[in-house]
Protein chains: 2
Amino acid sequence: MTVVGRTNRGAENGRASQQDMRRQNLAVVLGAVRAHSPLSRADVAGRVGLTRAAVSSLVDELIERGALNEAPATASGRVGRPGRALTISDRGPAGLGLEIGATHLGACVADLRGEPRLWRRVERDNAGRPAGQVLAEAAALAAEVEAEAAALGLCVQGRVLAVPGVVPNEPGGLVERAPNLGWHGIRLAHHWPDQNTVPEPENEANLGALAEYWSAELPAQTIVHVSAETGIGAALIIEGRLFRGARGFAGELGHIPVQPDGPRCACGARGCLEQYAGEAAVLRAAGLAGDALGQHGDAVALLAERAGAGHAPTLRALDGAGRALGLALASAVELIDPDCLVLGGAYAELADWLLPSVRAELAARVTVRPWASEALRPSALGRRGPLLGAALTTVRRIMADPTLLPTG
Amino acid sequence: MTVVGRTNRGAENGRASQQDMRRQNLAVVLGAVRAHSPLSRADVAGRVGLTRAAVSSLVDELIERGALNEAPATASGRVGRPGRALTISDRGPAGLGLEIGATHLGACVADLRGEPRLWRRVERDNAGRPAGQVLAEAAALAAEVEAEAAALGLCVQGRVLAVPGVVPNEPGGLVERAPNLGWHGIRLAHHWPDQNTVPEPENEANLGALAEYWSAELPAQTIVHVSAETGIGAALIIEGRLFRGARGFAGELGHIPVQPDGPRCACGARGCLEQYAGEAAVLRAAGLAGDALGQHGDAVALLAERAGAGHAPTLRALDGAGRALGLALASAVELIDPDCLVLGGAYAELADWLLPSVRAELAARVTVRPWASEALRPSALGRRGPLLGAALTTVRRIMADPTLLPTG
DNA sequence: ACTAATTTGTTGAGAGCCATTACAAACCAT
DNA sequence: ATGGTTTGTAATGGCTCTCAACAAATTAGT
C-alpha cells in the first residue's frame, strides 16, 4: 500500500505539537547525514545544534524506520573513541516513479539517497488507446519493477506518475486532460488494477524541473525550467518550491506575446511565442512540415538530424525560434529574476542550435541587472528528468518527514 | 530601543525546540483572535485544536506581553458560564512607519490590530539636500509621533522606513541608492541621531504591495503590484510572501520588451515598457513634456488634470500607455498566474484613464486560462500604501512571533 | 427560589521531547 | 599500563502540551 502520499498531517491549522518538533528534528538529522555523509552521532549533534543525547534518540528512530544505516566503529586516526559512521540507507525505503508518454512507458525506483536503482523504459503506442488499457500496462510494469526492487531490499513507499498533461493541485488522482494521450478527466484509481498501489499523477514538466532542482550540486533556489512538448511551458521553482500559480496556470510561456501584432495564435491572441518557437512553427519554417516529417515520425529528432547535417533552412528556423524564445525568457528574467534558466524537454535536444541565439537575445535584453550567459543552460537530465523527478518526489517527502515511514 | 527587527531566532539550522513550539502556538492563538475577535479561551481552543488548558496558558502570556486584552465576562444568552471576550490590544505594542519621499516626510503608528492610529505627512523638499539633514528631520518627526503615541498608550516596538530606492535584502540598514533623493550607499545608522531608534529601510513599492496584501478582506495569496515612480516596477507577493528574486531584481516590469524592435531604451535594449508607459514617454506623447510641466511641477497630477479636462492628446497618450502596460502585464499573468493585479503609485491616480485599455489588452491576450477583468484593480490604499506597509511590517512580525514583545 | 444542566476557566497529574550531567566504552599517546 | 580524549548512553530535570477533575458562572426547569 502506498504509505507516502500528500498527507498533510498536523498542519490543519498551524498549531505546533511535540510530534511536529520530533518530526522536524528527525528530518534535520536525516538531512545532515544526507548532505555530509558519513557522519557520527556526535558530528550530527555538533552540526545541527542538538545534543548528542537527542541525536542518539533521533538516530535510533531513523535506524528503526530503515532510513539510516550504521557502520561498525572505524578507526579515524584521531584521538578518542571513534564514532560509528551513519549513512542514508541504500536498502529499505524507496520511491517509485512511473511515466506515461505518447510512445513509451517508464518506471524507476530510487533509494533514499536519491540514487535511481532501477530504470525501465518500454516503447508503446499509448496515444490512441483507452486509458484503462494503458494504465493496466503501466500497473503491470510497476508491479514488475517493484518486485525487482524487493530483490534489492528496496521497499517502495510511494508512487508518482508523470503524465504529459494537466493535473490539478489536489489529492484525488485526477488527470484533467492529456492531449497527447487523448485523456480527459481520467481518475487513476478507477483504472488501476490494485487499489493499494495507485500512483499519484503529476505533470511531467513539473517533475522534470524538480528533478533538475534536486539533482543540482549547488541548488539554485529559483529556476525557470522551460520545456516544449505539446505547448511551450515553464515550470517555476521559486525559493526551492514548485510554484503553480494561483489557478495552476503559472509558467504559460507559450502564450507570452513576442510580437504584439504577430500572426494569430490558436489561443486567440496575436504573436504568442508558440507561433515562433513551437514545434509546428519551427517545422514549417524549416520546410519540414510535410512529407519529411511523415516519414520520420519524431519531429524533434528530425530537426536535430537536419540541423546536425547543416541543413540551412532548419538552422535558420532554429535560430529564429531561439531569438523568439530569448525574447520571452527576457520577460521571465525581468519579472522573476531567477538564479538560472534551464532548457528541458525537446529544447534540451536542440540546445546546440538554440543556445546561441537565445543567449544573444538575453544578453541584449537583460541589461539592468547582472546576468551571466551560463545562467541559461540545457537540462542536465534531458528526457530522463520527469521519471527521475517522479521517483524522487517520494524520496524528498520522506526526507522532509521521516515519520511517514512505517516503523519496522 | 527597537525590539522588533529582522531577528532570525532559532532558525539557524532548522532544528526545532520547545520554544519554537511555544512561539508558534502563541502566534496561532493571537492570529485566531485577530481573525475572529472577540473570542473566548474556549472558542480559541475549539478553533485551533489546542486544549482549553493550553490556550489559557498561552493567553495569559499574551496578556502579560500586552498583545491581548480581556473584557469582563459578558452574558451571551447561551446556557453555561459565559466566556471572557479576548481582543487584540489597542494599547501597548505598536509599529512605527516612516516615509521619505522626494517632496515629503511621513510617519504613522499602527496598533496591533493593524489600525493606523496616528498619521502625519509634512511637505519637504528632500531631493537635493544631504541625507544626514533629511534623516535628522525624519528622526525628529519620528520622536514627535512616538511621543504622541505614548500618550495613547502605544509603545513602538519596531521602526521601518519606506524609501524610494534600492534596499538590499540584508540587515544593516543600507540604502544602496535612491535616485529621486540623490542618495548612494547611505547607512541609516550613520546619520540617525538616536542609535536606539534607527529604522530599518525597505523599498516603498514593496511596502505598498504588502500593505495592499495585508489590508485585503480576502487576501489573495499571489499578487502583482505595479507601481511607477522613477521607473516602472512590480512588487510580487507569491503565496503570501514578498518575493524579491534571486538577486533582488524581481518585478522589473519596466524593461519587459513590449515591441521587439521598438525605440532604444536607456537600458540598452529596445522597446522596453518604459518607452511606452514611463512618465517621460507619456508626457511626451501627451505633448506636455515642456513648459506645461515646468509650471505644474507634479507630472502625475498634471496628467490627471488634463485627462480629467478631456484633453485629447493626453487621453490618447494614456490609452497608449495602458495598452503597452496591458501587454507587459499579459506576460506577467502568463508567467505568474496571480490572483490579481494591482495598479499602485502613479498608476493608481491615473487608473480612471488607464484601466480600460489595460483591461482590454489583457482580455485580448490572456485567453488560455480563466481571467476576470476585475482581477486588475487600482490600489485601494493609493499613495498611503508604503507608509502603512512600513508601520504594519512591525505589527505583522509581532503577530508571527509574539515572543518578540517584552514581557511586563 | 431552588436545583439541575451546561459551559468556562483553572488546577494537578502525566506524557513527550530535549537539555544537562554523569559515566562507561573505545580509541590514541606516552 | 596509564592518562587523556572523544563517543555514545543513561538518569534526571525542565518545558509544553494533553487529559481529567473541579470550581465558577450562567440558563432552564420546577
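Bear in mind the structure is a predicted one, so any value in this text is a computation, not a measurement.
Applying the 4.0 Å criterion to OP1 and OP2 of C:dT10, one finds that B:R41 has a side-chain N or O inside that range. Between B:S56 and C:dT10, a side-chain N or O to OP1/OP2 separation shorter than 4.0 Å is present. Considering only side-chain N and O atoms, A:S40 lies nowhere under 4.0 angstrom from the phosphate OP1 or OP2 of D:dT6. A sub-4.0 Å separation between OP1 or OP2 of C:dC28 and a side-chain N or O of A:R81 is absent. Taking only side-chain nitrogens and oxygens, A:N25 never comes nearer than 4.0 Å to OP1 or OP2 of C:dC17. For C:dA19, the OP1/OP2 oxygens have no side-chain nitrogen or oxygen of B:S17 closer than 4.0 Å. Of the side-chain N and O atoms in A:R84, none sit less than 4.0 angstrom from OP1 or OP2 of D:dT7.
A:L50 places its CG atom 11 Å from the C1' atom of C:dC17, with the value rounded to the nearest Å. Rounded to whole Å, the distance from CZ on A:R15 to C1' on D:dC17 is 10 Å. If you take CG of B:D43 and P of C:dT7, they are 12 Å apart, rounded to a whole angstrom. Rounded to an integer number of Å, the gap from CD of A:E70 to P of D:dT7 is 14 Å. Here the C1' atom of nucleotide C:dA15 and the CD atom of B:Q18 are 12 Å apart, to the nearest Å. Taking atom CZ of residue A:R22 and atom C1' of nucleotide D:dT16, one finds them 16 Å apart after rounding to whole Å. The interatomic distance linking A:Q19 (CD) with C:dA15 (P) rounds to 14 Å, in whole Å. Rounded to whole angstrom, the span from the CG atom of B:L39 across to the P atom of C:dG9 amounts to 10 Å.
Here the CZ-CG distance, from B:F243 to B:N206, works out to 11.5 Å after rounding to the nearest 0.5 Å. Separating the CG atom in B:L86 from the CD atom in B:E70 is a distance of 6.0 Å, to the nearest 0.5 Å.
Nearest to the side-chain atoms of B:R52 among the listed nucleotides D:dT16, D:dA21, C:dA19 stands D:dA21. Taking every side-chain heavy atom of B:P82 into account, D:dA25 is the closest of D:dC17, D:dA25, D:dG8. Comparing atom distances between the A:A54 side chain and each of C:dA19, C:dT7, C:dA22 picks out C:dA19 as nearest.
Residues A:R159 and A:T197 approach most closely at CD-O, 3.3 Å, considering heavy atoms.
Take the nearest nucleotide of DNA chain C for A:A53 and for A:M21: the residue whose nucleotide is more 5' is A:M21.
Side-chain atoms of A:D60 and A:S57 include no donor-acceptor pair closer than 3.5 Å.
Summarising the local packing, CZ of A:R113 is surrounded by more than 12 heavy atoms from other residues, nucleotides or ligands at distances under 6.0 Å.
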